[in-house]
Amino acid sequence: MKGYDREDAARAIAARINARAYSDLGIPLDALVRQAIDADLEYMKSAGVLAEDGTMGDAYYDDDDAFEFLLDRICAERGISGERELRIASFLDDYMDAQQAYMDQHGLLGWD
């Protein structure tokens, strides 16, 4: 995404999330945030929200679809199920709020 700095975003998003709230997962918060960012950008491309060149696509970002995509991707990649899947879902609620705040702060939402 043009203007999206993944490293800056990862730091900013992680800073907005209470790491202790997810320490029971046994996954460092920064690793989980980076994985969520990667999955989120992949969702945006696959859904047409982002074009291959990183510009805005024609599609609308569907929060529910994105959430399910991220949840499925992270849990599949990490072999997570059951109660831990619910914990990942809770993390994703926080991640999506923090990601939206970051993008809004940097004028990346495409809203005027």
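Worth saying up front: this structure is predicted, and the values here are computed from it rather than measured.
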Legend entry - Test side chain to side chain contact (heavy atoms under 4.5 Å, CB included) applied to Ala15 - qualifying residues, sequence neighbours left out: none
Legend entry - Which residues share a salt bridge (charged side-chain N to carboxylate O under 4.0 Å, His left out) with Glu83, sequence neighbours left out: none
Inset, instruction - Measure the spacing between CE of Met96 and CG of Asp94 and express it to the nearest 0.5 Å. - result: 11.5 Å
Inset, instruction - Please list all pairs passing the salt bridge (charged side-chain N to carboxylate O under 4.0 Å, His left out) test where one or both residues lie in residues 54-64, with sequence neighbours left out. - result: none
Legend entry - Point-to-point distance, once rounded to the nearest 0.5 Å, from OH of Tyr4 to NE2 of His106: 10.0 Å
Inset, instruction - Mind checking the CE-OH spacing from Met56 to Tyr61? Nearest 0.5 Å is all I need. - result: 11.0 Å
Can you give me every donor-acceptor pair (side chain of residues 24-35, partner residue at least two apart or in another chain, under 3.5 Å) with its distance?
unit_1, atom_1, unit_2, atom_2, d
Asp24, OD1, Arg87, NH2, 3.2
Asp24, OD2, Arg87, NE, 3.0
Arg34, NH1, Glu7, OE1, 2.8
Arg34, NH1, Glu7, OE2, 3.0
Arg34, NH2, Glu7, OE1, 3.2
Gln35, OE1, Arg78, NE, 2.6
Gln35, OE1, Arg78, NH2, 3.3
Gln35, NE2, Glu77, OE1, 2.7

Legend entry - Straight-line distance of Tyr95 OH to Ile13 CD1, nearest 0.5 Å: 5.0 Å
Inset, instruction - For Asn18, enumerate each residue passing the side chain to side chain donor-acceptor pair (under 3.5 Å) test, keeping only those at least two apart in sequence or located in another chain. - result: none
Legend entry - Check: Tyr60/Asp65 side-chain N/O donor and acceptor closer than 3.5 Å: no
Legend entry - CG-CD1 distance between Asp93 and Ile88, expressed to the nearest 0.5 angstrom: 12.0 Å
Side chains of residues 66-75: which donor-acceptor pairs under 3.5 Å do they make with residues two or more places apart or in other chains?
unit_1, atom_1, unit_2, atom_2, d
Arg73, NH1, Glu42, OE1, 2.5
Arg73, NH1, Glu42, OE2, 2.6
Arg73, NH2, Glu42, OE2, 3.3

Inset, instruction - Could you tell me which non-hydrogen atom of Ala47 sits nearest to which non-hydrogen atom of Ala59, and how far apart they are? - result: O-CB, 3.1 Å
